[in-house]
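Below, chains carry the letters A, B, ... as their sequence lines are ordered, and counting in each starts from 1.
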Amino acid sequence: MNDNTTDTASPDVKPLNFLQQIIKKDLADGAHTQITTRFPPEPNGYLHIGHAKAICLNFGLAQEFGGGCNLRFDDTNPEKEDQEYIDSITRDVQWLGFEWAGEIKYASSYFETFYQWAQHLIETGKAYVCHLSADQARKYRGDTKVAGTNSPYRDRSVDENLAELAKMRAGDYDEGACTLRAKIDMAAPNFNLRDPMLYRIRKQTHHQTGDKWCIYPTYDFAHGQEDAIEGVTHSICTLEFADHRPLYEWFTANLPVPSQPRQYEFARLELNYTVTSKRKLKQLVDENLVDGWDDPRMPTIAGMRRRGYSADSIRNFCDLIGVTKSGSTIDVGTLEFAVRDDLNENAPRAMCVLDPVKVVIDNFAECNTVDGIELLSQPAHPNREELGKRELPFTETLYIDRADFTEDTTLSRKKFKRLVAGEYVRLRGAYVIKSNDIVKDNQGNITELRCSLVPNTVGENPPEGIRPRGVIHWVSAEKNIDCEVRLYDRLFNAAAPDAGDKNFIDALNPESLQIIQGCKAELSLQSAQIEQSYQFEREGYFCLDSKHSCDEKFVFNRAIGLKDNWANKV
RNA sequence: UGGAGUGUAGCCAAGCGGUAAGGCAGCGGGUUUUGAUCCCGUCAUGCGAAGGUUCGAAUCCUUCCACUCCAGCCA
């Protein structure tokens, strides 16, 4: 029997992923008494679903094993970074429901220490200032077959290197004139060890440090040290950094760092029909192909939030897909499942008619009305009584969806479970009605359906012999709210929009957004709040759009439709 | 072809020498005042391939194959 589950006695427990196994062992061995992880985004774009996986992993591991997780901005390249991204990232992590340990951390707050460590490396003969141009440096680096060549600047004296580094810091050199490099091994099979750059000159104002610095550490010269300074025990990153691990370890071994973090790599999340690359997402935003970083079609956390995906569903999704080292592409269907699963459980129900056609109840007088209205009551959720009830005003004129009526009387009961001319249908939470007459305009369009209700069928079965074909949703034509509904489809038509040398822009789905005006929603939605999702029965899950909704105008986004097992079968 | 990594069902993923968990998708059926939910059933004689070791191999060994990443003064 192995011990890779939290409780081997129970068959229902999730098996531990490889990182959980490592941490569990480290804790058991006494290698650590407490663990610390970190989520280290560069503030150069908005967070997306891929980051959500990393966030859930790092914060989740800390939570599970009683440690802490830092939120640290890896802000070593002012060229691409911006305060706007820091704000959005902070907001997104919070919204996902995670709490970082202590204050927010910044790599830039360690710059002075990094500089001293650079001097330390020079003093121990392990770094030098190199005046090779970027072009020359590339040639000196060699390739897979030929070893690199030592830079002619490699053997400068300690004093000269110190002086040159000081001049770099002082701004005496132009951008690109020189770099500080580690002196490791130009023949190393791993390119990262062929005297990697440690500092480069960037005469740019930094969003945190202003103009204090004109030299900035590279990722390699910063990341491991940041982890060490913060006491990170398990530094978890994606697969492409595996080749950097020897360098990561070289720095923590050759510098007087306060702790020895370990790096572990996992496979980043890939989703089909989706692009997860900050560069590409930024391009969609910059070229106005979407409505900003938080466009509901974007796989960004802000976009999914605005669309109506709950934080819970995103966390559940990350839980569902697992953590491994094998590169994989998850089917978006799995994400959609997680969204539906959560929303089905938690979203109150409501009714909204997207394509209204008027229904007049000829025998409305048979209702129990007060001022022309019969107030019906419906639970907010079919199997969660604690969510309360809502009131539905039933009036003489109603709206149903055009698609829920047909004049074709040949359709079988199995094939069409809605209203057919001359037949019966149940109005959800209300009466069974019968279609009597059809009123059309001179173009032949249906303008009105004259129907009659079957008395005493609210919450009761109709008398013997009356068999409604199904249940359809409806809204009072007199008491409702007018609204705009936005339906979203996948942003890309291709499963792998950026595969090979394809231009992902070409794969954009021109029908990814459909705006419908003149929809009629039930009155209770008057009090709908931003961030509150509803299931519009028989339609899907909707929430108010945080950007376009206002007091005068209701705009609902459809997060996702209801699962439809029937559409494919007919 | 130098280095690093990965191959278990359509998509994920357990498995750690004792005879292929689970989820998503699919398929079949039942319940239902949402064509939803829910419930039941079904879905790998097979673990990239071929050899070998063993009473026994997805697990160990050998060889091979496929795919991903790396030659930024990006992260």
Side-chain angles (χ1 to χ4, degrees), chain A residues 2 4-5 11-12 14-17 21 40-42 44 74 76-77 79-80 130 132-134 137-138 141-148 175-181 188-194 196-202 216 218-220 222-223 237-246 265 267 272 278-279 320-338 340-341 344-345 349 351 378 382-383 414-418 426-430 432 457-461 468 470-473 535-540 561-570:
Chain A
N2 67 64
N4 287 339
T5 55
D12 293 340
K14 270 200 95 166
L16 262 34
N17 66 46
Q21 292 181 33
E42 184 190 15
N44 65 345
D74 212 0
T76 57
N77 183 5
E79 214 163 25
K80 297 178 175 173
C130 178
L132 248 27
S133 69
R138 191 180 322 118
R141 195 151 32 227
D143 56 37
T144 53
K145 294 196 175 66
V146 4
E175 286 190 10
C178 53
T179 58
L180 180 74
R181 301 177 69 177
N190 181 341
F191 296 122
N192 293 119
L193 300 177
R194 317 251 261 223
M197 300 340 180
L198 271 40
Y199 266 107
R200 71 294 212 186
I201 299 168
R202 286 281 179 281
Y216 291 93
T218 56
Y219 165 85
D220 286 313
H223 208 92
C237 60
T238 43
L239 254 26
E240 66 270 27
F241 290 98
D243 286 340
H244 293 248
R245 189 174 353 109
E265 308 87 21
N272 60 11
K278 278 195 271 189
R279 204 208 92 227
L320 218 53
I321 58 178
V323 178
T324 66
K325 289 174 78 88
S326 59
S328 55
T329 303
I330 277 91
D331 194 309
V332 277
T334 306
L335 209 211
E336 296 175 344
F337 162 78
R340 285 196 186 99
D341 193 47
N344 173 55
E345 180 68 22
R349 313 281 120 128
M351 290 192 283
Q378 260 299 276
N383 33 37
K414 195 164 177 91
K415 213 161 188 174
F416 195 81
K417 306 171 77 164
R418 314 178 189 187
R426 160 139 248 142
L427 295 179
R428 170 114 248 231
V432 170
T457 50
V458 176
E460 302 290 338
N461 286 328
V471 182
I472 63 173
H473 59 290
Q535 184 197 97
F536 288 177
E537 290 187 281
R538 301 211 310 131
E539 292 288 356
L562 257 28
K563 187 173 166 188
D564 192 353
N565 287 325
W566 162 79
N568 323 321
K569 291 183 186 174
V570 182

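One N or O donor and one acceptor, one from the side chain of A:His244 and one from the base of B:rA75, sit under 3.5 Å apart. At a cut-off of 3.5 angstrom, the base of B:rG3 holds at least one donor-acceptor pair with the side chain of A:Asp243. Donor-acceptor pairing under 3.5 Å, judged by distance alone, is present between the side chain of A:Gln535 and the base of B:rU34. For B:rG72, its base never sits under 3.5 Å from the side chain of A:Arg138 at any donor and acceptor pair. For B:rU34, its base sits under 3.5 Å from the side chain of A:Arg349 at one donor and acceptor pair at least.
Between the A:Arg194 side chain and the A:Ala188 main chain, a donor and an acceptor come within less than 3.5 Å of each other. In this structure, the side chain of A:Asp331 does not engage the main chain of A:Asn272 through any donor-acceptor pair within 3.5 Å. A donor-acceptor pair under 3.5 Å links the side-chain atoms of A:Gln21 to the main chain of A:Leu16, judged by distance alone.
The separation of B:rC12 from B:rC43, taken at their C1' atoms, amounts to 16 Å, rounded to a whole angstrom. Between B:rG15 and B:rU59, the two P atoms lie 15 Å apart (nearest whole Å). For B:rG23 and B:rU37, the P atoms lie 16 Å apart once the distance is rounded to whole Å. The same atom, C1', is picked in B:rC16 and in B:rC27; the two are 34 Å apart, to the nearest Å. Separation of the P atoms belonging to B:rA20 and B:rG48 is 16 Å when rounded to the nearest angstrom. Look at the P atom in both B:rA44 and B:rC38: the space between them is 24 Å, to the nearest Å. To the nearest whole angstrom, the two P atoms, one in B:rU42 and one in B:rG56, are 32 Å apart. Between B:rU8 and B:rU1, the two P atoms lie 22 Å apart (nearest whole Å).
Position along RNA chain B of the nearest nucleotide to A:Asp143 versus A:Gly429 favours A:Gly429 as the more 5'-ward residue.
Contacts of A:Glu460 with the nucleic acid, taken as non-hydrogen atoms under 4.0 Å apart, include base atoms. If you check every strand for non-hydrogen atoms under 4.0 Å, A:Gly470 touches nothing. Within 4.0 Å of A:Tyr199, counting heavy atoms only, lies no atom of the nucleic acid at all. Across all strands shown, A:Leu132 has heavy atoms under 4.0 Å from base atoms, whether or not it also approaches the sugar-phosphate.
The side chain of A:Arg340 contributes no N or O atom lying less than 4.0 Å from OP1 or OP2 of B:rC24. Dashed line: the shortest gap from a side-chain N or O of A:Gln21 to OP1 or OP2 of B:rG15 is under 4.0 Å. One finds no side-chain N or O of A:Arg194 lying less than 4.0 angstrom from the OP1 or OP2 phosphate oxygen of B:rC70. Regarding contacts with the backbone of B:rG35, a side-chain N or O of A:Arg538 is found under 4.0 angstrom from either OP1 or OP2. For the pair A:Arg200 and B:rA75, the criterion of a side-chain N or O lying under 4.0 Å from OP1 or OP2 is met. Between A:Thr334 and B:rC11 there is no side-chain polar atom (N or O) within less than 4.0 angstrom of OP1 or OP2. In this model, the phosphate group of B:rA13 is approached by a side-chain N or O of A:Ser326 to a distance below 4.0 Å at OP1 or OP2. Regarding contacts with the backbone of B:rG72, every side-chain N or O of A:Thr218 stays at 4.0 angstrom or more from both OP1 and OP2. One finds no side-chain N or O of A:Asn17 lying less than 4.0 angstrom from the OP1 or OP2 phosphate oxygen of B:rA14. Between A:Arg141 and B:rC73 there is a side-chain N or O to OP1 or OP2 distance below 4.0 Å.
Distances were taken from every side-chain heavy atom of A:Tyr219 (C-beta onward) to each of B:rA14, B:rU34, B:rA75; the shortest belongs to B:rA75. Distances were taken from every side-chain heavy atom of A:Lys325 (C-beta onward) to each of B:rU6, B:rU34, B:rA75; the shortest belongs to B:rU6. Distance from the side chain of A:Asp341 is smallest to B:rC38 among B:rG15, B:rC73, B:rC38. Set against B:rA4, B:rA21, B:rA75, the side chain of A:Thr76 has B:rA75 as its closest nucleotide. Here the side chain of A:Phe337 is nearest to one of B:rC24, B:rU37, B:rC73, namely B:rC24. Closest to the A:Arg202 side chain, of the nucleotides B:rC69, B:rC73, B:rU34, is B:rC73. Taking only side-chain atoms of A:Trp566, from C-beta outward, the nucleotide of B:rU37, B:rG35, B:rC73 with the closest atom is B:rG35. The listed nucleotides are B:rU34, B:rC12, B:rU37; the one nearest the side chain of A:Asn344 is B:rU37. Considering only side-chain atoms of A:Pro189, the nucleotide from B:rG3, B:rU37, B:rA4 that sits closest is B:rG3. Closest to the side chain of A:Lys563, out of B:rC73, B:rA75, B:rA36, is B:rA36.
Anti is the conformation of B:rG30, whose glycosidic angle sits further than 90° from 0.
Separating the CD1 atom of A:Ile321 from the C1' atom of B:rC12 is a distance of 8 Å, rounded to the nearest angstrom. Across the protein-nucleic acid pair, A:Asn190 atom CG and B:rC70 atom P stand 13 Å apart, rounded to whole Å. Distance CZ (A:Phe191) to P (B:rC73): 12 Å, rounded to an integer number of Å. We find that CG of A:Leu427 is positioned 13 Å from P of B:rU34, with the value rounded to whole Å.
No side-chain donor-acceptor contact under 3.5 Å links A:Ser328 and A:Ser326.
A:Lys80 has no carboxylate O lying under 4.0 Å from a charged side-chain N of A:Glu42, or vice versa, which leaves the two without a salt bridge.
Nucleotide B:rU6 forms a Watson-Crick or G-U wobble pair with B:rA66, both donor-acceptor distances falling under 3.5 Å.
The shortest non-hydrogen separation linking A:His244 to A:Asp220 is ND1-OD1, 2.7 Å.
Between A:Tyr219 and A:Phe241, the ring-plane angle classifies as tilted under the 30° and 60° cut-offs.
Counted within 6.0 Å of CD on A:Glu240, heavy atoms from surrounding residues, nucleotides or ligands total more than 12; the atom is thus considered enclosed.
Shown here are the side-chain contact (heavy atoms from CB on, under 4.5 Å) partners of A:Asn190, two or more places apart in sequence or in another chain: A:Asn192, A:Leu193, A:Asp243, A:Pro246.
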